[in-house]
Amino acid sequence: ISSLERSQIFITSDYAKYNYTNQNSKFYDNVVIKYENKIITCDNFDLNLSENIAVAYNNVIVKDDISVMKAQNVTLNIITKDININSKEKVKIFKN
């Protein structure tokens, strides 16, 4: 995902479904999202371009230079790159 104003986001997965009508995508199996100094891995990642929102869920791990976090659901605002973490269980954060 490229933007003239923000850093690029790179997404890889074993499988993906793309909706040509609204340009939304669903990635699944071995999903890896890289942007700035963060790497997010998960089983599922839904990209909703019309709302500028991306949601990572199922076995979500967020890594950066100083920590590793595990959660059930992470929502990313594509424009601002803000992350919202949701989890029914406690979010686990480990320092590197």
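Source: prediction; values computed, not measured. In what follows, every heavy atom counts, from backbone to side chain, and hydrogens, waters and symmetry copies are set aside.
Judged by distance alone, the side chains of Asn77 and Asp82 never bring a donor and an acceptor atom under 3.5 Å apart.
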Evaluation steps, side chain to side chain contact (heavy atoms under 4.5 Å, CB included), between Tyr18 and Gln23: CA-CA 7 Å; Tyr18 178 72; Gln23 297 182 334; 3.2 Å; yes
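Residues meeting the side chain to side chain contact (heavy atoms under 4.5 Å, CB included) test with Thr21, sequence neighbours left out: Asn19. Contacts of Asn24 classified as side chain to side chain contact (heavy atoms under 4.5 Å, CB included), with partners at least two apart in sequence or in another chain: Asn22, Asn48, Leu49, Ser50. Under the side chain to side chain contact (heavy atoms under 4.5 Å, CB included) criterion, Thr12 pairs with Val32, not counting sequence neighbours. For the side chain to side chain contact (heavy atoms under 4.5 Å, CB included) test, residues two or more places apart in sequence or in another chain that qualify with Asp29 are Asp14, Tyr15. The side-chain hydrogen bond (donor to acceptor under 3.5 Å, both in side chains) test applied to Asn84 returns no partner, not counting sequence neighbours. Under the rule for a side-chain hydrogen bond (donor to acceptor under 3.5 Å, both in side chains), Glu51 has no partner lying at least two apart in sequence or in another chain.
Note: the hydrophobic cluster containing Tyr35 also contains Ile85 (ILVMFWY, side chain heavy atoms under 4.5 Å, direct or indirect links). Criterion: ILVMFWY side-chain heavy atoms under 4.5 Å apart, direct or through other members. Under it, Ile39 and Leu47 are not part of a common hydrophobic cluster. At a threshold of 4.5 Å between side-chain heavy atoms, the hydrophobic network of Ile, Leu, Val, Met, Phe, Trp and Tyr places Ile53 and Phe27 in two separate groups.
Distance NZ/Lys26 to CG/Asp46: 3.5 Å, rounded to 0.5 Å. Remark: Ile9 CD1 to Lys34 NZ distance equals 14.0 Å, nearest 0.5 Å. One distance of note links CG of Asn44 with CG of Asn59; it measures 9.0 Å at 0.5 Å rounding. The CG atom of Asn30 sits 8.0 Å away from atom CG of Asp43, with the distance rounded to the nearest 0.5 Å.
Of all the heavy atoms in Val60 and Gln72, the pair that sits closest is CG2-O, 3.7 Å. Taking each heavy atom of Tyr57 and Phe45 in turn, the nearest pair found is CE2-N, 4.4 Å. The shortest non-hydrogen separation linking Tyr28 to Ser13 is O-CB, 3.8 Å. Scanning all heavy atoms of the two residues, the minimum distance from Ile83 to Val74 falls at CG2-CG1, 3.3 Å.
Across Ile33, Leu76, Asp64, a single residue satisfies side-chain contact (heavy atoms from CB on, under 4.5 Å) together with Lys38, and that is Asp64.
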